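Have a look at the structure below, then the notes.
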Amino acid sequence: MKIPKNLGQAACVCLAALALTACGSSRASSSAKKTLNWSAGAEIPTMDLSKATDSVSFTQISNTFEGLYRLGKDSKITPGLATSEKVSKDGKTYTFTLRKNDKWSNGDPVTAQDFVYSWRRTVNPKTESEYSYLFSGIKNADKIVAGKKPATSLGIKAVGKYKLVVTLERRIPYFNNLMGFAVFFPQNEKAVKKYGSKYGTASKYLVYNGPYIQKGWTGSNLSWKMVKNKYYWDKSKVKLNQINWSVQKSTTTSYNLYQAKKLDATSLDSSQIKQLKSDKAFTLLPQGGTYYMTFSQGKSGNEYVKNANIRKALSLAIDRGGLVSTIDGGASQPANTLTSKDLTKVNGKDYTSLISRSAKSLYPKDGNKKLAKQYLAKGLAELGKSKIKLTLISSDTDSAEKTAESIQSNIEATLPQVKVEVNSVPFKTLLNRLASHNFQLGLIDWIADFADPISFLDLFTTGNSQNDGQWSNSEYDKLIADSKTTTSASQRWSDMSKAEDILLNDAGICPLYYSTSVMLVRTSVKNAVYNRGNWDFKEAYVK
């Protein structure tokens with residue numbers, strides 16, 4: 001899922017978690033202990049879980065809605081609405097029994113039909129969900145998304161009020177992890193129909209079934225709050241009465257608010273990291289994500305970046321080591337693969353070790369000026385050009401702007417024939433520009449939705465709704481498809497790594513670094529669970 005490059009406060013539900021348990025000073029009043037002050041890295045684009053694509057939205061949704069499971073510390077599956085699960089011998093039928101004591105915030109009971117309605121709504125092409133591809137493998141999902149079957153034929157049904165049966169076309173190794181991801185949460189049909197096009201565009205146009213209820217978000221404002229949900233089935237474990245949220249795009253501003261005790265956490269930039277790394281509140285949070293540059297290569301794409309030699313030249317011109325030093329003091333690691341390191345182990349080794357050296361060679365830590373110039377010369381000759389101009393779009397957070405400016409400087413210094421203009425825009429605008437393919441170069445931070453390389457690799461299949469750059473390769477598509485149908489684990493890893501080789505060798509995208517969030521989190525904050533990008537505040541409290 002896409003994340004605004006600035007703060008670790010926003011994000012996805014997926015990978016290893018960190019529970020903050022260090023001891024700290026107590027607050028003066030009992031009321032303060034039940035209130036937390038937090039921030040998001042950008043405005044909320046949407047609260048409609050069928051249409052959300054980004055970390056800011058999903059952080060809010062994951063704390064105000066709940067599905068069959070939640071993801072706890074170290075991504076461990078923890079209780080959600082499912083009280084039991086039965087799996088058929090062939091691994092293709094899941095039967096879930098649901099709790100009978102959970103209600104929507106409008107008082108309606110949460111039932112199996114709410115899951116059926118939600119899933120059907122998301123895969124329905126009319127909804128235009130960018131995450132409908134995640135339902136692939138559930139019976140008829142691919143045909144429904146392609147418009148070849150009705151949404152009612154999806155392999156999910158309610159048996160009475162509290163039993164849910166899901167039918168798969170094939171085994172899905174990471175199925176239970178998906179059930180903890182917000183796209184698979186239930187939705188209240190009555191609310192969706194009542195609010196129509198306004199559904200999910202403001203706090204008042206939603207009903208909730210999670211630990212908290214969101215209040216005060218108008219759709220564009222920069223502050224809102226979450227309050228404890230009295231209807232939540234496990235409300236006795238929810239210690240906070242309220243979480244005050246504000247959008248903070250500047251680490252200078254957020255740090256000042258932290259110092260003034262108006263925020264309980266703040267992200268840090270490179271200079272702040274150097275000054276504060278010995279602070280007891282200093283926290284490193286690996287995100288399981290990769291920050292990369294994408295190229296618009298579709299029918300309406302830019303002729304320059306459609307040229308593979310131009311793309312390779314741009315990639316080789318970038319000093320990734322210098323980039324991470326500028327951004328976060330070297331806390332993040334320079335990237336030479338799309339799939340993030342430390343995401344998945346294969347026979348005791350990191351999955352990225354399966355990717356060929358030749359594919360990785362286009363993304364050297366320190367860049368390769370000589371080779372970059374050679375590739376540029378080839379590209380310009382093929383296009384009949386002597387110089388080119390490109391526009392690079394990024395979000396308008398401090399970190400994203402610094403990243404864009406560093407890339408601009410690297411490219412122009414190494415390749416004088418290339419001029420790069422930086423265009424920093426609000427995060428919501430960036431998402432819209434990327435989704436509509438209205439860009440030339442774009443910066444994206446993608447965090448895996450679950451701990452498997454396919455969460456990255458699926459993005460670049462032809463026609464995938466998240467394939468912003470519209471890169472396409474038939475051999476790549478076949479390998480990814482084969483990886484989903486083989487019953488051999490070793491063949492699956494082989495198919496995926498070969499596909500990633502193809503993407504990297506063609507410079508279909510340009511990996512920059514594996515992202516790590518560096519923060520100060522007050523040591524008085526307890527049980528706030530971080531899943532490489534997403535904060536879960538269900539059992540959080542302030543000591």
Side-chain angles (χ1 to χ4, degrees), residues 289-297 301-324 332-341 343 350-383 388 390 392 403-404 406-418 420 440-446 453 456-457 459-460 467-473 475-476 479-480 496-515:
T290 301
Y291 200 66
Y292 65 90
M293 182 165 64
T294 185
F295 310 98
S296 183
Q297 303 174 60
N302 181 271
E303 64 171 319
Y304 304 134
V305 297
K306 285 183 179 181
N307 184 284
N309 286 318
I310 298 293
R311 298 196 301 270
K312 292 174 184 178
L314 297 177
S315 174
L316 287 160
I318 297 171
D319 175 6
R320 291 165 177 77
L323 181 61
V324 296
S332 296
Q333 300 179 56
N336 57 9
T337 60
L338 167 66
T339 302
S340 176
K341 284 188 175 180
L343 178 69
D350 195 272
Y351 159 79
T352 58
S353 67
L354 301 178
I355 299 168
S356 70
R357 290 184 179 181
S358 61
K360 296 175 181 177
S361 66
L362 288 170
Y363 314 98
K365 176 182 176 181
D366 302 320
N368 187 323
K369 294 182 180 181
K370 182 178 178 181
L371 199 54
K373 292 176 180 179
Q374 291 175 1
Y375 275 115
L376 180 65
K378 289 180 183 179
L380 291 177
E382 290 167 352
L383 295 171
I388 58 178
L390 298 167
L392 172 63
T403 300
S406 293
I407 291 171
Q408 175 193 45
S409 177
N410 284 174
I411 292 174
E412 291 185 347
T414 302
L415 308 170
Q417 305 97 315
V418 182
V420 179
Q440 294 177 355
L441 306 175
L443 293 181
I444 302 173
D445 195 356
W446 184 267
F456 285 95
L457 300 173
L459 307 181
F460 298 95
N467 189 351
D468 300 316
Q470 296 181 294
W471 177 82
S472 179
N473 182 284
E475 186 179 356
Y476 179 94
L479 285 164
I480 295 302
M496 289 193 292
S497 59
K498 286 178 180 177
E500 188 154 354
D501 278 350
I502 291 171
L503 174 67
L504 295 173
N505 275 316
D506 192 49
I509 50 98
C510 174
L512 298 170
Y513 53 88
Y514 308 122
S515 50

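Because the structure is predicted, anything quoted here is derived from the model rather than measured.
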Would you compute the distance between atom CD of Glu475 and atom CD1 of Ile502 and round it to the nearest 0.5 angstrom? 3.5 Å
Pairwise distance CG(Leu316) to CG(Leu371) - rounded to 0.5 angstrom: 5.0 Å
How far does CG of Leu383 sit from CD1 of Ile310, to the nearest 0.5 angstrom? 5.5 Å
Point-to-point distance, once rounded to the nearest 0.5 Å, from CD1 of Ile318 to OG of Ser409: 11.0 Å
What are the two closest heavy atoms between Leu392 and Gly442, and how far apart are they? CD1-N, 4.0 Å
Over all atoms of both residues, closest heavy-atom pair of Gly379 and Asn307: CA-OD1, 3.6 Å
Full working for side chain to side chain contact (heavy atoms under 4.5 Å, CB included) between Ile411 and Leu390: CA-CA 11 Å; Ile411 292 174; Leu390 298 167; over 6 Å; no
Determine, stepwise, if the pair Ser332 / Tyr514 fulfils side chain to side chain contact (heavy atoms under 4.5 Å, CB included). CA-CA 6 Å; Ser332 296; Tyr514 308 122; 6.0 Å; no
What I want to check is whether the side chains of Arg320 and Ser315 have a donor and an acceptor closer together than 3.5 Å. yes
Check the pair Thr339 / Glu500 against side-chain hydrogen bond (donor to acceptor under 3.5 Å, both in side chains), numbers first and verdict last. CA-CA 8 Å; Thr339 302; Glu500 188 154 354; 2.8 Å; yes
Ile509, Thr337, Ile355 screened by side chain to side chain contact (heavy atoms under 4.5 Å, CB included) with Leu503, the one that passes: Ile509
Side-chain heavy atoms of Tyr292 within contact of Cys510, under 4.5 Å: no
For Lys365, I'd like to know if atom NZ has over 12 heavy atoms of other residues, nucleotides or ligands within 6.0 Å. no
What's the verdict on ring pair (Phe, Tyr, Trp, His ring centres under 6.0 Å) for Tyr476 and Trp471, showing C-alpha distance, side-chain angles and the deciding distance? CA-CA 10 Å; Tyr476 179 94; Trp471 177 82; 5.1 Å; yes
Nearest-0.5 Å distance that lies between atom OH in Tyr291 and atom OG1 in Thr403: 4.5 Å
Between Lys373 and Thr414, what is the shortest heavy-atom contact and its length? CE-O, 3.2 Å
Under 3.5 Å, is there a donor-acceptor pair between the side chain of Ser361 and the main chain of Ser358? yes
Give a yes or no on whether a salt bridge exists between Asp506 and Lys312, defined as a side-chain N under 4.0 angstrom from a carboxylate O. no
Quick one: does any side-chain atom of Asp319 pair with a main-chain N or O of Gly322 as donor and acceptor, under 3.5 Å? yes
Side-chain touch Thr290/Ser515, heavy atoms, less than 4.5 angstrom: no
Indicate yes or no: at least one non-hydrogen side-chain atom of Phe456 is less than 4.5 angstrom from one of Leu338. yes
Quick check on Lys306: does its NZ atom have over 12 non-hydrogen neighbours (other residues, nucleotides or ligands) under 6.0 Å away? yes
For Tyr363 and Ala507, work out which heavy atoms get closest and say how close. OH-CA, 3.3 Å
Under 3.5 Å side-chain donor-acceptor pair for Gln297 and Arg311: yes
Just so I know, are the side chains of Asn467 and Leu459 near enough to count as touching, which here means a heavy-atom distance under 4.5 Å? no
Would Asp445 and Tyr513 satisfy side chain to side chain contact (heavy atoms under 4.5 Å, CB included), going step by step from the backbone distance to the final call? CA-CA 9 Å; Asp445 195 356; Tyr513 53 88; 5.8 Å; no
Taking it one step at a time, do Leu512 and Leu443 satisfy side chain to side chain contact (heavy atoms under 4.5 Å, CB included)? CA-CA 9 Å; Leu512 298 170; Leu443 293 181; 3.8 Å; yes
Looking only at heavy atoms, the pair that brings Asn336 and Leu504 closest together is O-CD1, 3.8 Å
Please check this pair: side chain of Ser353 against backbone of Asp350, looking for a donor-acceptor N/O pair closer than 3.5 Å. yes
Determine whether Ile407 and Leu314 make a side-chain contact, defined as any pair of heavy atoms from C-beta on separated by less than 4.5 Å. no
Any side-chain donor-acceptor pair under 3.5 Å between Asp501 and Ser356? yes
Contact between Gln417 and Leu380 at the side-chain level, heavy atoms closer than 4.5 Å - yes or no? yes
Using side-chain heavy atoms (C-beta onward) and a distance below 4.5 Å, is Val305 in contact with Leu441? yes
Side chains of Gln440 and Ser296: does their closest heavy-atom pair fall under 4.5 Å? no
On a heavy-atom basis, the closest approach of Val420 and Gln408 is O-NE2, 2.7 Å
Straight-line distance of Asp468 CG to Trp446 CH2, nearest 0.5 Å: 8.5 Å
